[in-house]
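From a predicted model like this one, the values you see are computed outputs, not experimental measurements.
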Amino acid sequence: EEMDFYVYSEGQLFDKSLKPQNIATLPEHRKVLLAVDPKLELSDVLDIISQVGHQNLQITKLDPAWQKRLQQQRDTP
């Protein structure tokens, strides 16, 4: 089954191309895989889940490759 992939890091939501997104606009009719910063507190993850507000959400941790990609994007002016 297909899923839409999003990244949540440092308070910002990104799509798989690392373009900023609004968490309220995640598609309800599709399954969403949300990768979060492994250092994120559980309470923050629960806040994200409540903001998304639908059942088609799965949470995973960002792997080192994605963390590096995010850091490179932040370092690029």
Side-chain angles (χ1 to χ4, degrees):
E1 189 169 359
E2 269 194 51
M3 298 183 114
D4 291 338
F5 180 77
Y6 293 89
V7 172
Y8 188 86
S9 180
E10 295 188 10
Q12 177 65 55
L13 180 72
F14 301 94
D15 66 11
K16 64 184 174 188
S17 301
L18 296 183
K19 292 185 177 130
Q21 302 292 310
N22 182 337
I23 201 159
T25 62
L26 287 177
E28 288 188 38
H29 61 284
R30 294 181 52 91
K31 290 197 181 253
V32 171
L33 179 61
L34 181 61
V36 299
D37 188 321
K39 297 179 215 134
L40 199 62
E41 295 290 330
L42 179 59
S43 61
D44 294 327
V45 173
L46 294 174
D47 285 345
I48 294 165
I49 292 169
S50 74
Q51 286 178 50
V52 173
H54 61 78
Q55 300 300 312
N56 290 327
L57 178 67
Q58 292 185 14
I59 305 285
T60 189
K61 290 192 283 186
L62 281 171
D63 66 13
W66 273 101
Q67 291 177 50
K68 183 176 179 182
R69 210 174 146 199
L70 279 163
Q71 188 60 49
Q72 287 171 340
Q73 177 170 330
R74 287 187 186 103
D75 293 344
T76 304

For V32, does its backbone N or O pair with a side-chain atom of N56 as donor and acceptor, under 3.5 Å?
-> no
Please report, to 0.1 Å, the donor-acceptor pairs under 3.5 Å made by any side chain of residues 34-47, with sequence neighbours excluded.
unit_1: D37; atom_1: OD1; unit_2: K39; atom_2: N; d: 2.8

Closest contact, heavy atoms only, L62 versus Y8 | CD1-O, 4.3 Å
Quick one: are S9 and R74 in side-chain contact, heavy atoms under 4.5 Å?
-> yes
Inter-residue atom distance M3.CE - L57.CG, 0.5 Å rounding | 8.5 Å
Reported CG-to-CD distance for the pair L18 and Q12, which is rounded to 0.5 angstrom = 10.5 Å
Testing R30, K16, K31 for salt bridge (Lys or Arg N to Asp or Glu O under 4.0 Å) with D4, which one passes?
-> R30
Is it true that V7 and I48 fall in one hydrophobic cluster, defined by side-chain heavy atoms closer than 4.5 Å?
-> no
For the atom pair OG1 (T25) and CG (L13), what is the distance rounded to the nearest 0.5 Å?
-> 7.5 Å
Would you call F5 and W66 a side-chain contact if the rule is heavy atoms closer than 4.5 Å?
-> yes
May I ask you to decide if I23's main-chain N or O and Q51's side chain share a donor-acceptor pair within less than 3.5 Å?
-> no
